[in-house]
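The next block holds one structure in the form of structure tokens; read it before the comments.
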Number of protein chains: 2
Amino acid sequence: MRYSRQRELVLRQVQNRCDHPTADDIYLAIREDCPGLSLGTVYRNLNGLVEMGRVRRVSIPGMADRFDRTLSEHDHLYCTRCGKVEDVFLDKTAINEMIEARKDLAIEHVSLNLYGLCSACRDAARS
Amino acid sequence: MRYSRQRELVLRQVQNRCDHPTADDIYLAIREDCPGLSLGTVYRNLNGLVEMGRVRRVSIPGMADRFDRTLSEHDHLYCTRCGKVEDVFLDKTAINEMIEARKDLAIEHVSLNLYGLCSACRDAARS
DNA sequence: TTAACTGCAAATCTTTTGCACAATC
DNA sequence: GATTGTGCAAAAGATTTGCAGTTAA
């Protein structure tokens, strides 16, 4: 894979934000510095970066994919109040053991999505 | 909500099949008996039936939603070999306990998707 | 009769793709 | 100079929606 300014900007954009931007979010943000940019290029680069393992894709049913700079194993919480996506680090040993125990299943990978309140909305709801 | 032949046919279609059909699968199947049917009507009715709790929606990232006649709590296995979606009944107490234990999180609902081999493909792979 | 439902087609939204041109190695 | 990447615009796929006509209660 050879260098390109656009790919560099896409990667930097994902790495520099702690939210979980969509392709369009990234496109709009980069566009300010790089007016010629096209959305197709953003998608192509995101797909490449995901394949290379440089960024992660976060899929939540019914909405555009989001992209995540955090590569270590973790899951995502979709906030049912504000729509934000938050990283959640869970101890998954219980889940893995439960899956292992099911010898009748040939499971290769488990994906879980959490729905609830993000930390900001949880704090707001407390008052 | 008032009676309609189309809704009846959509519901019956979901209830009579043990696979997990997409809106389009259902549309094509019903269309044989009811040529006038439109795909929009199928979508509208499926959405209504899901809202009423008569059928369940199964969302797997990157593909069309599927619909499930089985209402009791369970998850889904997407077969990475043949693409079939299979019901999986797991003992989720360990997962729920783990979520409960995380007092810092306000999680309302957990959804998990499993990826691996369906029973048919697993049996085929064994030989 | 009137509110809900339908068919149709157009619109929406997300993502991919074909192609001619440009940039990289 | 060969190949990879880009911009653009069109296409694709899933789903929703506006509207005028139809149907159940």
Side-chain angles (χ1 to χ4, degrees), chain A residues 1-14 19-52 54-68 76 78 83-85 111 113, chain B residues 1-14 19-68 76 78 83-85 113:
Chain A
M1 182 168 279
R2 90 175 38 160
Y3 172 85
S4 95
R5 172 151 180 263
Q6 289 84 340
R7 181 175 312 114
E8 199 58 37
L9 288 169
V10 168
L11 177 58
R12 218 178 294 167
Q13 192 59 220
V14 177
D19 61 337
H20 296 78
T22 62
D24 200 59
D25 293 335
I26 293 164
Y27 167 66
L28 293 173
I30 301 179
R31 203 140 209 265
E32 305 198 343
D33 300 311
C34 178
L37 183 72
S38 98
L39 183 55
T41 296
V42 173
Y43 272 104
R44 270 187 289 232
N45 280 317
L46 285 169
N47 288 340
L49 291 167
V50 167
E51 223 166 304
M52 292 167 66
R54 309 279 313 260
V55 306
R56 277 173 107 94
R57 185 190 306 274
V58 181
S59 292
I60 296 171
M63 58 184 71
D65 281 357
R66 290 148 184 278
F67 296 87
D68 191 342
H76 295 95
Y78 174 72
K84 211 171 76 180
V85 171
S111 145
N113 282 337
Chain B
M1 182 168 277
R2 91 176 32 158
Y3 172 86
S4 97
R5 173 152 180 263
Q6 289 84 339
R7 181 167 23 258
E8 199 59 38
L9 289 169
V10 167
L11 178 57
R12 216 178 297 166
Q13 192 59 217
V14 177
D19 60 337
H20 295 79
T22 62
D24 200 60
D25 292 337
I26 293 164
Y27 168 68
L28 293 173
I30 300 180
R31 204 139 208 267
E32 305 199 344
D33 300 312
C34 179
L37 184 71
S38 97
L39 183 55
T41 297
V42 173
Y43 273 105
R44 271 188 290 235
N45 280 318
L46 285 169
N47 288 339
L49 291 166
V50 167
E51 223 165 303
M52 293 166 65
R54 309 280 310 264
V55 306
R56 275 172 108 95
R57 184 189 305 275
V58 181
S59 292
I60 296 171
M63 58 185 70
D65 281 357
R66 290 148 185 275
F67 296 87
D68 190 341
H76 296 95
Y78 173 72
K84 210 171 74 180
V85 172
N113 282 338

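Letters A, B, ... are given to chains in the order of the sequence lines, protein chains preceding strands, and every chain is numbered from 1. The figures here come from the full heavy-atom set of this structure, side chains too, leaving out hydrogens, waters and symmetry mates. Remember, predicted model here, so these are calculated numbers, not experimental data.
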One character per nucleotide, please: for nucleotides 19-25 of chain C, 5' to 3', B when the base has a protein heavy atom closer than 4.0 Å, S when only the sugar-phosphate does, - otherwise.
----BBS

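Rounded to an integer number of Å, the gap from CE of Met52(B) to C1' of dA4(C) is 13 Å. Computed from coordinates, the Tyr27(B) OH to dG7(C) P distance equals 9 Å when rounded to whole Å. Atom OH of Tyr43(A) and atom C1' of dT17(C) are 14 Å apart (whole Å). Spacing between atom CG of Leu49(B) and atom P of dC5(C) amounts to 11 Å, rounded to whole angstrom units. As rounded to whole Å, 16 Å separates atom C1' of dC5(C) from atom CG of Leu39(B).
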Check the pair His76(B) / Asp68(B) against side-chain contact (heavy atoms from CB on, under 4.5 Å), numbers first and verdict last.
CA-CA 10 Å; His76(B) 296 95; Asp68(B) 190 341; 2.7 Å; yes

Derivation of the side-chain contact (heavy atoms from CB on, under 4.5 Å) call for Arg57(B) and Phe67(B)
CA-CA 5 Å; Arg57(B) 184 189 305 275; Phe67(B) 296 87; 3.7 Å; yes

Full working for side-chain contact (heavy atoms from CB on, under 4.5 Å) between Val14(A) and Leu46(A)
CA-CA 9 Å; Val14(A) 177; Leu46(A) 285 169; 4.1 Å; yes

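Counting only distance, with no hydrogens or angles, the side chain of Arg7(A) and the backbone of Leu49(A) share no donor-acceptor pair below 3.5 Å. Under a 3.5 Å cut-off, the side chain of His20(B) and the backbone N or O of Arg66(B) do not form any donor-acceptor pair.
Between Ser38(B) and dT6(C) there is no side-chain polar atom (N or O) within less than 4.0 angstrom of OP1 or OP2. Considering only side-chain N and O atoms, Asn47(A) lies under 4.0 angstrom from the phosphate OP1 or OP2 of dT16(C).
Between Asp65(B) atom CG and Tyr43(B) atom OH the span is 7.5 Å, to the nearest 0.5 Å. Note that CG of Leu37(B) is 9.0 Å distant from CZ of Arg5(B), once rounded to the nearest 0.5 Å.
Counting any heavy atom pair closer than 4.0 Å across all strands shown, Asp24(B) reaches no nucleic acid atom. Heavy atoms of Met1(A) sit under 4.0 angstrom from primed sugar atoms or phosphate atoms, though from no base atom.
For the salt bridge (charged side-chain N to carboxylate O under 4.0 Å, His left out) test, no residue two or more places apart in sequence or in another chain qualifies with Asp24(A).
Heavy-atom minimum distance, Val50(B) versus Arg56(B): CG2-C, 4.4 Å.
For DNA chain D, the span of nucleotides reached by chain B at under 4.0 Å from its heavy atoms goes, 5' to 3', from dA14(D) to dA25(D).
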